[in-house]
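First the proteins, then the strands, lettered A, B, ... as listed; each starts at 1. Values below: every heavy atom of this structure, side chains too, minus hydrogens, waters and symmetry copies.
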Number of protein chains: 2
Amino acid sequence: MIHQRECPIETLIHVLAGKWKPMILWNLIDSTKRFNDLEKLIPDVSQKMLSQHLRDLEGEGIVDRTVYPTVPPKVEYSLSEYGKTLIPVAEVMCAWGEQHNQRKYTESVS
Amino acid sequence: MIHQRECPIETLIHVLAGKWKPMILWNLIDSTKRFNDLEKLIPDVSQKMLSQHLRDLEGEGIVDRTVYPTVPPKVEYSLSEYGKTLIPVAEVMCAWGEQHNQRKYTESVS
DNA sequence: CGGCATCCATGCGGATACTG
DNA sequence: CAGTATCCGCATGGATGCCG
């Protein structure tokens, strides 16, 4: 149930409200990805923002970062067990977002 | 122009990601409120941002704005029927946000 | 390959003053 | 009462260059 004073929605918004964070999480749901994989999967993201957002998500405990001390270096990112608790939330948010986009579309052609 | 987002989560984030929007919506769930009511219920919000966020939400079809042509003027804001579809989404988001806040707390004291 | 450092542009939000 | 107008600081994010 929702509390009256402080709205924890803001907490979730804060966690997800980076320009590329939803896309990052979306791409990690299925499988572990390397840094370079994510760059290719999200073509318009800059290295800086990808790195920064990944560090944010890692700091929140949502994303696991695994470094293999090889040459060349290899770093893998994956959803943590805790991060997977976001999946059902993301699905609900996605469903509403799709409805909203559909609604906007029907408005624009009417 | 219809920009088909790959991740509709961004749509929902866009709708809710104003600094005071969750609080505004939260305060409108129970009942219709006047502008001045919302100012009192959200003490730190400025008139500018309250007005701007309300217009954003109205533009998305989430909030209804009713003007009574009286002196002094009276304007009422309420969740639209469509806006009420956000409530179950908000509850899921809230539940996760509360868990996350709790998690952060237990981490900070461990 | 997987970053970080730096500089820069934009936009969100805050403070203040004014108004129908 | 319910806004609008204006100015401004700061954070977010983009572009580029360098590095282990």
Side-chain angles (χ1 to χ4, degrees), chain A residues 6-7 9-28 31-60 62-78, chain B residues 3 5-7 9-28 31-60 62-78:
Chain A
E6 300 190 353
C7 194
I9 290 179
E10 292 169 1
T11 303
L12 181 52
I13 295 282
H14 176 75
V15 168
L16 294 183
K19 185 168 178 180
W20 308 98
K21 286 179 187 175
M23 284 297 294
I24 292 170
L25 291 174
W26 190 257
N27 281 293
L28 290 180
S31 64
T32 291
K33 298 283 192 311
R34 298 180 61 175
F35 190 90
N36 204 17
D37 295 333
L38 291 171
E39 275 194 282
K40 292 171 189 167
L41 289 165
I42 314 172
D44 290 338
V45 74
S46 66
Q47 284 185 325
K48 171 190 168 184
M49 292 318 299
L50 182 55
S51 173
Q52 187 172 304
H53 283 172
L54 283 169
R55 229 152 300 291
D56 290 344
L57 295 168
E58 185 191 1
E60 298 285 356
I62 291 166
V63 162
D64 284 335
R65 181 172 183 267
T66 309
V67 180
Y68 299 89
T70 60
V71 177
K74 176 178 175 179
V75 181
E76 284 188 344
Y77 294 92
S78 59
Chain B
H3 181 61
R5 294 186 163 93
E6 311 218 5
C7 190
I9 291 178
E10 292 170 2
T11 303
L12 179 54
I13 296 282
H14 176 75
V15 168
L16 294 182
K19 184 168 178 179
W20 308 99
K21 286 179 188 174
M23 284 298 294
I24 292 170
L25 291 174
W26 171 244
N27 280 292
L28 291 180
S31 64
T32 292
K33 297 283 192 309
R34 299 180 61 174
F35 189 90
N36 203 18
D37 294 333
L38 291 171
E39 275 194 282
K40 292 171 189 166
L41 289 164
I42 313 172
D44 290 338
V45 75
S46 66
Q47 285 184 324
K48 172 190 168 184
M49 292 318 299
L50 182 55
S51 173
Q52 187 172 303
H53 283 172
L54 283 168
R55 273 186 276 108
D56 290 345
L57 295 168
E58 185 191 0
E60 298 284 356
I62 291 165
V63 162
D64 284 335
R65 181 171 182 267
T66 309
V67 180
Y68 298 90
T70 60
V71 176
K74 175 178 177 180
V75 181
E76 285 188 343
Y77 294 92
S78 60

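- We find that CG of B:D44 is positioned 17 Å from C1' of C:dC12, with the value rounded to whole Å.
- Here the C1' atom of nucleotide D:dT12 and the CD1 atom of B:I13 are 15 Å apart, to the nearest Å.
- Neither OP1 nor OP2 of C:dC1 sits under 4.0 Å from any side-chain N or O of A:R34.
- When the P atom of C:dC12 is taken as reference, atom NZ of B:K21 falls 9 Å away, rounded to whole Å.
- Taking side-chain N and O atoms only, A:T70 has no distance below 4.0 Å to OP1 or OP2 of C:dC1.
- Nucleotide D:dT16 holds its C1' atom 16 Å from the CE atom of A:M49, rounded to whole Å.
- Here the CD-NE2 distance, from B:E58 to B:H53, works out to 14.5 Å after rounding to the nearest 0.5 Å.
- Looking only at side-chain heavy atoms (C-beta outward), A:T32 and A:D64 stay at 4.5 Å or farther from each other.
- Atom CD1 of B:I24 sits about 11.0 Å away from atom CD1 of B:I62, to the nearest 0.5 Å.
- The side chain of B:N36 sits closest to D:dA2 out of D:dG3, C:dG2, D:dA2.
- Position along DNA chain D of the nearest nucleotide to B:R55 versus A:G18 favours B:R55 as the more 5'-ward residue.
- In this structure, A:Y77 does not reach the C:dC1 phosphate: none of its side-chain N or O atoms is under 4.0 Å from OP1 or OP2.
- When the C1' atom of C:dC4 is taken as reference, atom CD of A:Q52 falls 11 Å away, rounded to whole Å.
- Both A:L54 and B:K19 lie near DNA chain C, and the one whose nearest nucleotide falls closer to the 5' end is A:L54.
- Between the C1' atom of C:dC1 and the CD atom of A:E76 lies a distance of 13 Å, rounded to the nearest Å.
- Taking both residues in full, the closest heavy atoms of B:K21 and B:L16 are given as CB-O, 3.6 Å, listed atom of the first, atom of the second, then distance.
- Note that CD of A:E39 and CD of A:Q47 are 4.5 Å apart. Values are rounded to the nearest 0.5 Å.
- Here OG1 of A:T11 is found 9.0 Å from CD of A:E60. Values are rounded to the nearest 0.5 Å.
- The side chain of B:H53 contributes no N or O atom lying less than 4.0 Å from OP1 or OP2 of C:dC12.
- Annotation: the span from A:L28 atom CG to A:L54 atom CG amounts to 7.0 Å, rounded to 0.5 Å.
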Hey, what are the protein-to-nucleotides 16-20 of chain C N/O distances that come in under 3.5 Å?
none

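- Residue B:D56 contributes atom CG, which lies 9 Å from atom P of C:dG13 at whole-angstrom precision.
- Following rounding to the nearest Å, A:K40 (NZ) and C:dC1 (C1') show an atom-to-atom distance of 10 Å.
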